[in-house]
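The structure under discussion appears below in the form of structure tokens.
Chain naming here is simple, since letters A, B, ... match the order of the sequence lines and numbering starts at 1 in each.
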Amino acid sequence: MTAHPHDAPGTDSLDDLFGDAPAPRPALGAAEAQNGLLKGLNPEQLAAVTLGQEPALILAGAGSGKTRVLTTRIAWLLRQGHVGPGGLMAVTFTNKAAKEMSTRLSAMLPYNVRGMWIGTFHGLCNRFLRAHWKLAGLPQGFQILDASDTVSAVKRVIKAMNLDEERFVPKQVSWFIAGAKEDGLRPKDIDLRDEQTRKLAEIYQAYEDQCKREGVVDFAELMLRAYELMRDNAAVREHYQHRFQYLLVDEFQDTNKLQYAWLKMFAPPGRGQGVFAVGDDDQSIYAFRGARVGNMSDFEREYRVRRVVKLEQNYRSYGHILDAANELISRNSHRLGKNLRTEMGPGEPVRVNEAASDFNEAQWLLEEAQALHRQGLPRSEIAILYRSNAQSRVIESALFNAGVPYRVYGGLRFFERAEVKHALAYLRLIENANDDTSFLRVVNFPARGIGARTLEQLQDAARQSGRSLYQSVAAVPGKGGSNLAAFVNLIESMRNLTQGLTLREIIEQMLETSGLAEFYRTDKDGAERLENLDELINAAEAFVTQEGFGKDAVALPVDELGGFTPGQIAAGDPPAIAAVNLTPDAETGEIVSPLAAFLTHASLEAGDNQAQAGQDAIQLMTVHSAKGLEFDAVFITGLEEGLFPHENSLSDGDGLEEERRLMYVAITRARQRLYLSFSQTRMLHGQTRYNVKSRFLDELPEASLKWLTPRNQGFGSGFAREYQQAWERGSGLKSMVGAGRVERQAPAWQQEREGKDAPSFGGAPVPKTMKQAAAAKVGAEHGGLRVGKAVFHNKFGEGVLLTLEGSGPDARAQVNFGRHGTKWLALSVAKLTPID
DNA sequence: GGCTCTTTCGTTTTT
DNA sequence: CGAAAGAGCC
């Protein structure tokens, strides 16, 4: 057993942690605290904020002031002296939420909140593991793999094991491994129910060995390692359980099994800590990723929660919008039960629009958004939401062609860009040359004559000796070997040249020595990449300033930090604080170089996907990424069966309920104005699909809706029919096929709104093959039935005819019945009535 | 070793 | 349809 302190310090010495804070614990009178902090809270918020040291579940509806409650509670606890800043932990999911909390707290407290345990699950686990790297069995400077690093690491394992990549798809295998870890399972714990799983467990084991050899951990590993150390080391466990008297968890509905287990290690039920779990079961949209809404009810039961506080007062949206949200979500079962209310009045009705095609829908979005902007709404207050990323394309092209600034969220993020990853790989090799992932990324970039054959030899050698690629270079003979040796020399000289430099200088030096800068300077489209590399330097500079790695950084007294002495933490002597820019971590006293700290930062925080920042632009994003945001005007697009709710989610009831929650999240993003739109036809995977409007539209209260297009116009009656007729006549077909789309006169209702000459565009359902064309022709022979036509079936209801095949008694039709799915029907038996 | 042709695949994804 | 990754060619 390692010598480990469990004489956890009292709250007093923890307060000393904040040596730079003027008054660690001001004794405020209740009245003053009331005025300063609690003013303006509604009764439920106040109740939540001022709860005692007990387990509590806060059901925080959308727009109910959740973040305010969380931060105010922290400030209140500190100012009341219920706990010191070191005795409290607040966990979130996103860096953004953590940052937001810290910023707001700084404004409420007289301390520097840096050093407090406020952060993401992964960020806090990282901090914990950096402090206890030795006990956790990690190398001191362990690096963190992001999602794509993880996949390529897994891929290497699969290759090394000589397994078929068709059968073991790297991405899926890495999913399997992450899933196992998130269930708290190591390879030996995997249930080997079949041959495939047995093999997967083997890959998992080999992957683990590889990570260990390279000194890297993936995201899931951060959580699992931290959990295991708490579970297996009584001294550590005792210390932290004693230390953290109050724990606050944000977005509790999104926690997975491991995160909940992790939390229970820090604050087991019955130990009397104040665990404050905030969440909204109706906004649980990450079950597909392992989130367990059930953790909320488990928490309530296991912690014998007596106080469930519901925050139902909504400060964001007008009445019609909330009515729509409430009515929709009421259709879900197993809810914890919550109804949003507002005092803002009914506001405007929810507008509903039906379009003939996805192209048309985009055109309508563009015009409506422009109208809003002309009325004085900033573009950044207009959000266009969609279920899946592929839907953004048509919308983007409409906006782009009209010259309207827009910003798409969810693309490549800063630290994920290829050139930035290359630069980071060099930096990582300076820190840890055994990081094979980074080695392979840049060993031949820029090109230095090291090809696949050479690398194969190198990897064989490394595998045989159980060493890293870097260490195995000498084993490769010939020209490849000498090129490899040159690369090693390059890295070594880089390490020497950057000794004692500031972070900025290190990066600049690396860019030149590695040849990266030169490569992009001569590359024909390297200009943008060079800019990003400059941006990397800026990011590093900002990081240095923010995290206090500046030249004036002063070493804090380490022996009082969190009750661990440096010697005890590391079970060895920490490096001396010699060079400028070497600052011990405020919490652990561990000496970190700014470079190492920056690399960790880069792994844990992928950065924004910066589009033209600063420009007032319309916001485009998936519904998932809209969670937590709000806008004056929101468009929810593509409300069609199969798209939203998505067809892949329809196989089970839980899937549908998650889709409904997703719709609920989408609706509750809107403050003043909400638009819902759907289209009769849509281009997907290069094929035109005829869709039925989403069932979610039928689940909204009629009284809150205003149809911009005639209600229930009937599918297949608009554009699709017109095109079909034109095609059958053979008129105008050539131009339609040539352009891939058709121009036509707008339907009557649209002319009424937009003027007589309004043109209308639609994606044409161009038959792709002769076979399809023939089938469509056959279809024309069946009394009144045509592809694209709306039909009615006694059992399945309204649907859209997709295909007609055969003739006479063999004639059959494929019909999309929306919620009943797509069916093949024999026309001699099934009775299909065309609807007009 | 780098370029071009071909094949494959397409829901959402906070870290 | 269109991106991205892999295979194959010079």
Using atom [atom1] of [X] as one end and atom [atom2] of [N] as the other, report the distance to the nearest whole Å.
{"X": "A/Arg413", "N": "B/dT13", "atom1": "CZ", "atom2": "C1'", "value": "9 Å"}
{"X": "A/His122", "N": "B/dT14", "atom1": "NE2", "atom2": "P", "value": "11 Å"}
{"X": "A/Trp175", "N": "B/dT12", "atom1": "CH2", "atom2": "C1'", "value": "10 Å"}
{"X": "A/Arg453", "N": "B/dG1", "atom1": "CZ", "atom2": "P", "value": "8 Å"}
{"X": "A/Leu656", "N": "B/dT12", "atom1": "CG", "atom2": "P", "value": "18 Å"}
{"X": "A/Glu647", "N": "B/dG10", "atom1": "CD", "atom2": "P", "value": "12 Å"}
{"X": "A/Tyr286", "N": "B/dT13", "atom1": "OH", "atom2": "P", "value": "6 Å"}
{"X": "A/Glu416", "N": "B/dT14", "atom1": "CD", "atom2": "P", "value": "8 Å"}

When all nucleic acid strands are considered with a 4.0 Å heavy-atom cut-off, which category describes [X]: base, sugar-phosphate, or nothing?
{"X": "A/Ile450", "answer": "sugar-phosphate"}
{"X": "A/Lys171", "answer": "nothing"}
{"X": "A/Ala220", "answer": "nothing"}
{"X": "A/Gly123", "answer": "nothing"}

Quiz item: Checking only heavy atoms, does the side chain of A/Arg289 share a donor-acceptor pair with the base of B/dT11 at less than 3.5 Å?
Solution: no
Quiz item: Counting heavy atoms not belonging to A/Lys257, are there more than 12 under 6.0 Å from its NZ?
Solution: no
Quiz prompt | Nearest-nucleotide 5' precedence on DNA chain B, A/Ser388 against A/Phe93 | solution = A/Ser388
Does [N] have its OP1 or OP2 closer than 4.0 Å to a side-chain nitrogen or oxygen of [X]?
{"X": "A/Asn389", "N": "B/dT13", "answer": "yes"}
{"X": "A/Thr622", "N": "B/dT13", "answer": "yes"}
{"X": "A/Asn444", "N": "B/dG2", "answer": "yes"}
{"X": "A/Lys479", "N": "B/dG1", "answer": "no"}
{"X": "A/Asn95", "N": "B/dT15", "answer": "yes"}

Self-check item: A/Lys96/A/Glu100 ion pair, N-O < 4.0 Å
Solution: no
Quiz prompt | A/Lys181 with A/Glu228: basic N within carboxylate O range, under 4.0 Å | solution = no
Quiz item: Does A/Asp282 have any salt bridge (charged side-chain N to carboxylate O under 4.0 Å, His left out) partners at least two apart in sequence or in another chain, and if so, which?
Solution: A/Arg335, A/Lys338
Exercise. Look at the side chain of A/Arg387 and decide which nucleotide, out of B/dT14, C/dC1, B/dT11, has an atom nearest to it.
Key: B/dT11
Quiz item: Between B/dT14, B/dG1, B/dT12, which one does the side chain of A/Ala447 approach most closely?
Solution: B/dG1
Practice problem: Say whether, by atom type as modelled, one donor and one acceptor occur between the side chain of A/Asn444 and the main chain of A/Ala447 under 3.5 angstrom. | Solution: no
Quiz item: Is there a donor-acceptor contact under 3.5 Å from the side chain of A/Thr681 to the main chain of A/Ala356?
Solution: yes
Practice problem: Pick the P atom in C/dA4 and in B/dT13, then give their distance to the nearest Å. | Solution: 16 Å
Quiz prompt | Stacking of A/His624 on B/dT12 base (centres under 5.5 Å, planes under 30°) | solution = no
